[in-house]
Amino acid sequence: VRTIEVLVYLGVTVLLGGALIGTFLSLDTTLLRNKTERELTDAANISLERMVRAIRSAESVNTGLSTFVTSPGVLTVAEAGTTTSFFLSGGDLMLSVNGVTIGPLTNDTVTVNNLVFTHYTGSTTDMVRIALTLSAITKASSSTRTFYGSAVLRGSYE
């Protein structure tokens, strides 16, 4: 009788232990996915915010130095004697001011797969739309998403 009780006790303990281990592993995987998504979203927010701010404060788009509707796109805008460019280099979104490369806007864990600028012009309106596809890879998770932004240049509102 004692042997049966011990076997039942061990069986219940093994089942509970297995359930706990499964729960912890599932939670760990979920946390890693959330971290990957957070890194991706943070990189997109920082990058898009910087580009949109530059577009909104710009007086003009330099169409000769910009590449539109293709990836990798290049955007060059001018404001009060300052030229700002956004472009891809080795999977990083780069920022250049007055021809001097400042550095990447994205961090090491995020790769830019696609960068497309679309330039819209109306009779008085000048607007740029951005499509930015980012990938992030962590230990047990990877994610790729496309983010969009747009802005109208200063003083070009209809």
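Taken together through direct or relayed side-chain contacts under 4.5 Å among Ile, Leu, Val, Met, Phe, Trp and Tyr, I137 and F147 form parts of separate hydrophobic clusters. Side-chain heavy atoms closer than 4.5 Å link hydrophobic residues (I, L, V, M, F, W, Y) into clusters, and following such links, even through other members, never connects I46 to L40. A continuous path of Ile, Leu, Val, Met, Phe, Trp and Tyr side chains, each step under 4.5 Å between heavy atoms, connects L132 with V69, placing both in one hydrophobic cluster. Transitive grouping of hydrophobic side chains (ILVMFWY, heavy atoms separated by less than 4.5 Å) keeps M94 and V110 in distinct clusters.
With rounding to the nearest 0.5 Å, the separation of CG in L153 from CE in M127 is 10.5 Å. The distance from atom CG of L105 to atom CZ of R50, rounded to the nearest 0.5 Å, is 7.0 Å. In this structure, CG in L88 is found 6.5 Å from CG in L93, a value given to the nearest 0.5 Å. Here the straight-line distance linking atom CG of D42 with atom NZ of K35 works out to 11.5 Å at 0.5 Å rounding. Put simply, CZ on R56 and CE on M51 are 12.5 Å apart, with the number rounded to the nearest 0.5 Å.
Annotation: ring pair (Phe, Tyr, Trp, His ring centres under 6.0 Å) contacts involving residues 90-110, sequence neighbours excluded, are absent. Among residues at least two apart or in separate chains, there is no ring pair (Phe, Tyr, Trp, His ring centres under 6.0 Å) pair with a member in residues 86-114. Sorted by first then second residue, the ring pair (Phe, Tyr, Trp, His ring centres under 6.0 Å) pairs that include residues 90-114, not counting sequence neighbours, number zero. For residues 39-73, the ring pair (Phe, Tyr, Trp, His ring centres under 6.0 Å) pairs, not counting sequence neighbours, are F68-H119.
Side-chain contact between S150 and V128: absent, with no pair of heavy atoms (C-beta onward) separated by less than 4.5 Å. Inter-residue side-chain proximity for N98 and V100 is flagged as unmet; no heavy-atom pair is nearer than 4.5 Å. A 4.5 Å side-chain heavy-atom check between F117 and T67 finds every atom pair outside the cut-off. Residues V6 and L10 form a side-chain contact, since some pair of their non-hydrogen atoms from C-beta on lies under 4.5 Å apart.
N45 places no side-chain N or O within donor-acceptor distance of the main-chain N or O of L48, the cut-off being under 3.5 Å. Using modelled atom types, one side-chain atom of N62 and one backbone atom of G64 make a donor-acceptor pair closer than 3.5 Å.
Under a 4.0 Å N-O distance rule, the pair E37/R33 does not qualify as a salt bridge.
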Could you go through the side-chain contact (heavy atoms from CB on, under 4.5 Å) check for V152 and T125 one step at a time? CA-CA 7 Å; V152 176; T125 302; 4.2 Å; yes
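Of all non-hydrogen atoms in I55 and I130, the two that sit nearest each other are CD1-CD1, 3.9 Å.
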For residues 70-80, which side-chain donor-acceptor pairs fall under 3.5 Å, sequence neighbours excluded?
| residue | atom | partner | partner atom | Å |
| --- | --- | --- | --- | --- |
| S71 | OG | N114 | OD1 | 2.6 |
| S71 | OG | L115 | N | 3.1 |
| T76 | OG1 | S85 | OG | 2.9 |
| E79 | OE1 | S57 | OG | 3.3 |
| E79 | OE2 | R154 | NH2 | 3.0 |

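Between the side chains of N113 and S135, a donor-acceptor pair is found at a separation under 3.5 Å.
Screening T41, T133, L134 for a side chain to side chain contact (heavy atoms under 4.5 Å, CB included) involving R145 leaves a single residue, T41.
Every side-chain contact (heavy atoms from CB on, under 4.5 Å) that I102 has, sequence neighbours left out, goes to L95, V97.
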